[in-house]
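We name chains A, B, ... by the order of the sequence lines, and we start the count at 1 in each one.
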Protein chains: 2
Amino acid sequence: MSLPHAILTALLEKPSSGLELTRRFDKSIGYFWSATHQQIYRELGKLEAEGLIRALPAEQPARGQKKAYEVLPPGRAELARWTGAAQDPKPVRDALLLRLRAAAVVGTAGLEADLRRHLELHERQLAEYREIERRDFPPGKNGPQDRLRHLVLRAGIDLETFWTQWLGHALSEFAHLPDAGEAEPSGEPRA
Amino acid sequence: MSLPHAILTALLEKPSSGLELTRRFDKSIGYFWSATHQQIYRELGKLEAEGLIRALPAEQPARGQKKAYEVLPPGRAELARWTGAAQDPKPVRDALLLRLRAAAVVGTAGLEADLRRHLELHERQLAEYREIERRDFPPGKNGPQDRLRHLVLRAGIDLETFWTQWLGHALSEFAHLPDAGEAEPSGEPRA
DNA sequence: CCACCTTGTGCAACTAGTTGCATAAGGCGT
DNA sequence: ACGCCTTATGCAACTAGTTGCACAAGGTGG
């Protein structure tokens, strides 16, 4: 139940149309809460119906027209409530770790290449985060909101750092593993 | 599309009934791919229908009877295929980070308590992982499957370590933040 | 001047996961 | 022998997210 709140946050930072929101979700906010444009449009409709946001009175609201939204007081209140309410972390689901575990049973064939690919993706993401940090959080900037936002970015950086390190470690393990195959002494002879 | 593969892995490790699987998902496998018993039963039905697993011929398959499943060769093949196939990491969705970002706009009221609670949860999980490591991976054990499984556990340990550290850092930031409120110089005076 | 591309909005159908409840068998106490 | 608890299996309805497509407006090039 977080997408509406992600949208409220984005709209409070800057009133936007659906497509503008979509673009921003592909950058800053989407780094830790991704969403497709269809999700966003649907949610904008709901939020408007609930009276939490409203369309800024632009020209004519015809099709193919930009329609910008802003947050209404009840929307801000709801966001504040949600932010402060207790929430349980949702259970982990990580396919890569699952695949590694499966590999222990059915063999590692093909996995190494994908680990390498993931490593590259995470390295790229890490580089991007560092660039954002350099650009948006120079040493002087440390008002309360800056500190909070920097904290979030730090989480992103540290997470990507973890993944790159772990993947590096995993690949080095693969390097001296009894190649591919069942990886199981008791496995049946293949074919 | 990973739940069926999680189940195949679990069944290869040890043929089990639905409930036994559920219990194991609450422990080892579920640490990185959680599932409820309803998901598991449904998926067992599908896997059986597809001919990837079969029910072990037990007594009478009446209701309230244990029904254990084992993986058939096509099931093993499918798992091997999936494990080696390239897969994109799925986009991140972390509500806690989102809430922090929201807090930069609508204020931090209530958040600190929940951060503290999350810190405790992660510390507990970390302790559990370390205990498993101590118990299941003593210095001698390092055959190929041991190495792979240890690698997975290491990821869990390092992830929990990251979270505990980051949450600690976040809480220390909160400690010298201009208390609660809007955390925004330009915010409207509350109420 | 019209075919085609881009921008922006949106519906419909599908997949995956969650929640709440139903049902059956067997043991246990009184 | 009856109610009740635990174990085990499962259906149905719901929520959240994904995928594929449709459609309108406005610009662009042959």
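Of the residues in residues 78-95 of chain B, none has a non-hydrogen atom less than 4.0 angstrom from any atom of DNA chain C. The stretch residues 30-39 of chain A touches DNA chain C through A:His37, A:Gln38, each having a heavy atom within less than 4.0 Å of the strand.
Computed from coordinates, the A:Phe25 CZ to D:dT18 C1' distance equals 16 Å when rounded to whole Å. When the C1' atom of D:dT15 is taken as reference, atom CG of A:Leu3 falls 12 Å away, rounded to whole Å. Atom CG in A:Leu21 sits about 12 Å away from atom P in C:dG8, given to the nearest Å. As a whole-Å value, the separation of A:Ile40 CD1 from D:dA16 P is 16 Å. The interatomic distance linking A:Ile7 (CD1) with C:dT9 (C1') rounds to 14 Å, in whole Å. What separates CE of A:Met1 from C1' of C:dT18 is a distance of 14 Å, to the nearest Å. Counting to the nearest Å, the C1' atom of D:dA8 and the CD atom of B:Glu20 are 11 Å from each other. Distance, B:Glu43 CD to D:dT9 P: 16 Å, rounded to whole Å.
Listed by chain and number, the residues in a side chain to side chain donor-acceptor pair (under 3.5 Å) with B:Arg116 are B:Glu112 (sequence neighbours excluded). The side-chain contact (heavy atoms from CB on, under 4.5 Å) check on A:Leu153 picks up A:Tyr129, A:Ile132, A:Glu133, A:Phe137, A:Ile157, with sequence neighbours excluded. In terms of the side chain to side chain donor-acceptor pair (under 3.5 Å) criterion, A:Glu43 has no residue partners (sequence neighbours excluded). Listed by chain and number, the residues in a side chain to side chain donor-acceptor pair (under 3.5 Å) with A:Glu13 are A:Arg149, B:Arg101 (sequence neighbours excluded). B:Arg134 pairs by the side chain to side chain donor-acceptor pair (under 3.5 Å) definition with B:Glu131, not counting sequence neighbours. For A:Leu115, the side-chain contact (heavy atoms from CB on, under 4.5 Å) partners at least two apart in sequence or on another chain are A:Leu96, A:Leu100, A:Leu111, A:Leu167, A:Ala170, A:Leu171, A:Phe174.
In this structure, A:Thr22 reaches neither bases nor backbone, as no heavy-atom distance under 4.0 Å exists between it and the strands shown.
Judged by distance alone with a 3.5 Å cut-off, no donor-acceptor contact links the side chain of B:Arg42 to the base of C:dT19.
Salt-bridge check for B:Glu78 with B:Arg81: passed, with a basic side-chain N closer than 4.0 Å to an acidic carboxylate O.
Contacts classified as salt bridge (charged side-chain N to carboxylate O under 4.0 Å, His left out) and involving residues 163-174 of chain A (residues at least two apart or in different chains) are given here: A:Glu173-B:Arg147. Within the structure, no pair that satisfies the salt bridge (charged side-chain N to carboxylate O under 4.0 Å, His left out) test touches residues 1-10 of chain A, not counting sequence neighbours. Pairs engaging residues 82-99 of chain A under the side chain to side chain donor-acceptor pair (under 3.5 Å) rule: A:Asp88-B:Arg117, A:Arg93-B:Ser34, A:Arg99-A:Asp114 [sequence neighbours left out].
Rounded to 10 degrees, the angle separating the terminal axes of the helix from C:dC1-D:dG30 to C:dT30-D:dA1 is 10°, with each axis obtained from five end pairs.
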Before giving the answer on salt bridge (Lys or Arg N to Asp or Glu O under 4.0 Å), spell out for A:Arg54 and A:Glu70 the whole-Å C-alpha distance, their side-chain angles and the decisive distance to 0.1 Å. CA-CA 6 Å; A:Arg54 70 162 177 187; A:Glu70 69 174 355; 2.6 Å; yes
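In summary, the side chains of B:Tyr31 and B:Gln125 do not present any donor paired with an acceptor at a separation below 3.5 Å, with no hydrogens or angles considered.
Which of D:dT7, C:dG8, D:dG10 sits closest to the side chain of B:Tyr41 comes down to D:dG10. Proximity note for B:Leu19 (side chain, C-beta onward) versus D:dT7, C:dA13, C:dG8: the nearest is D:dT7.
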